[in-house]
Protein chains: 2
Amino acid sequence: MPPSKRAARKPSRPYHHGNLRRALLDEALTTIRDDGVDQLTLREIGARVGVSRTALYRHFADKGALLTAVGTEGFRALREQLVAAWESGGRGEDAFRSMGVAYVRFAVANPAHYRVMFGGFVAMHVDDPELITEGHGAFHALVDAIASLQRDGFMRDDDTALMAQHVWALVHGVAMLAIDGKLPKPDGVEALMRYAFERLVTGIATVPRGS
Amino acid sequence: MPPSKRAARKPSRPYHHGNLRRALLDEALTTIRDDGVDQLTLREIGARVGVSRTALYRHFADKGALLTAVGTEGFRALREQLVAAWESGGRGEDAFRSMGVAYVRFAVANPAHYRVMFGGFVAMHVDDPELITEGHGAFHALVDAIASLQRDGFMRDDDTALMAQHVWALVHGVAMLAIDGKLPKPDGVEALMRYAFERLVTGIATVPRGS
DNA sequence: ACCTGAACACCGTTCAAGT
DNA sequence: ACCTGAACACCGTTCAAGT
């Protein structure tokens, strides 16, 4: 085979990637979504992107760093969807419920990605500052909404962070049960969301709603 | 080296294990507890038990089957602790809270084991009948307690399974946040448990308790 | 700076062979 | 039946070398 045209076209950028980091990350996300996280091999991503097995180490210290970046992107996307649900829902009690639905939907729509974020893979660098920042960001979307509902008198005047942890635990639990397939098909997720969020709101609202 | 005495002692059982399956499983549990699940290699367990690398395949079809057995044992242990908490707590509202505490404590005491049970490792055989049976068993401890509280008029007369899923989601969520280290040290877990179970009971009790 | 191929030390699993 | 060593096809990571 003769050398390809593209190799000769731009000598100042001799290799074929302007943004290899981005390409590798996208490929990793695709692989995780389609095949699951344990099908993710550095060699395969390299091959798919059209690059040597070791080129990845120019952009990520190791496999853990790549997974950390994947998790970071996940928290960013999750926060965006939570904020969107809160704002487009009118920032009231209904919007709060919409946030919960958005949270669970994110996990159900991206189960493997969600698992990387919360799966506790030892390979992941849990102390990475960017990961922590984005994780806090997603949590803060919840804190902000609760604080707003407290200000408007809809929710109990308990410690906001504690309330947010309580809510987070519930939506996280529902999400995990859903993606683990532990809920009855086909409507188990929807049914549990409706029930759980109703009982949640009853538990933390200012005025207890009866039945 | 001359052949050891033990080799000659009992020709009818020529090798050195009466219950290799049990020994392998125990070694796997120890490794998972001490070093985490991704340090678990079949070769290493074999070596630790004093057996060839491939002897394991006589008792487990593959690594996934071993992990499945580990998960199964976990669900059995969890159920035992839930039932113990419920019964020794007097089968009332306090006992219900004790079950929640017992659940979270199990996860916190055995984080790696708990993660195998719920981590969604693709390697695990999620369709294994024993795993499913034990998983259902643990869940049923919750269902039974709730049904009892409903009978005694303490809890709302909603669908018992749905209520149990709601409770399960919350304790599971609290447990996951705890073992992921996402709660403030050193008392974040205890504080959240107190708050979350209080609000949970308020949400699902017959008579709404005020503040 | 960025990328490469070869090499190293692993891993799960298979298989023919021993007792 | 149960166990063994050798072999196979992988994997993450390192490293000297190329442009």
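In the text below, chain A, chain B and the rest are named by the order of the sequence lines, each starting its count at 1. Computed from a prediction, not measured in an experiment: that's the story for all the values here.
- In this structure, the side chains of Thr31(A) and Arg48(A) come closer than 4.5 Å at one or more pairs of heavy atoms.
- Atom CZ of Arg21(A) sits in a sparse spot, with 12 or fewer heavy atoms from other residues, nucleotides or ligands closer than 6.0 Å.
- A heavy atom lying under 4.0 Å from DNA chain C marks none of the residues of residues 38-47 of chain A.
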Checklist outcome for this item: Here DNA chain D, pairs taken as Watson-Crick or G-U under 3.5 Å and shown with ( ), [ ] when crossing and | when to another strand, reads ||.|||||...|||||.||
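- Remark: Ile146(A) CD1 to Met163(A) CE distance equals 6.0 Å, nearest 0.5 Å.
- Ring-plane geometry between Tyr195(A) and His166(B) is classed as perpendicular, the angle between the planes exceeding 60 degrees on a 0 to 90 degree scale with a lower cut at 30.
- The distance from atom CZ of Arg53(A) to atom P of dC10(C) is 19 Å, rounded to the nearest whole Å.
- The nearest whole Å value for the distance from the CG atom in Leu56(A) to the C1' atom in dG12(D) is 10 Å.
- Note that CG of Leu67(A) and OG1 of Thr72(A) are 10.5 Å apart. Values are rounded to the nearest 0.5 Å.
- Between Phe106(B) and Tyr114(B), the ring-plane angle classifies as perpendicular under the 30° and 60° cut-offs.
- Between the P atom of dC3(C) and the CG atom of Asn19(A) lies a distance of 10 Å, rounded to the nearest Å.
- In this structure the side chain of Arg97(B) reaches within 4.5 angstrom of the side chain of Asp94(B), judged on heavy atoms.
- By the 4.0 Å N-to-carboxylate-O rule, Arg76(A) lies too far from Glu130(A) to be salt-bridged with it.
- Rounded to whole Å, atom C1' of dC2(D) lies 16 Å from atom CZ of Arg21(B).
- Of the candidates Phe139(A), Phe118(A), Tyr103(A), Phe75(A) forms a ring pair (Phe, Tyr, Trp, His ring centres under 6.0 Å) with just one, namely Phe118(A).
- Looking at heavy atoms from C-beta onward, Asp144(A) lies out of side-chain contact with Trp86(A) at the 4.5 angstrom threshold.
- Of all the residues in residues 57-67 of chain A, Tyr57(A), Asp62(A), Lys63(A) reach under 4.0 Å from DNA chain D with at least one non-hydrogen atom.
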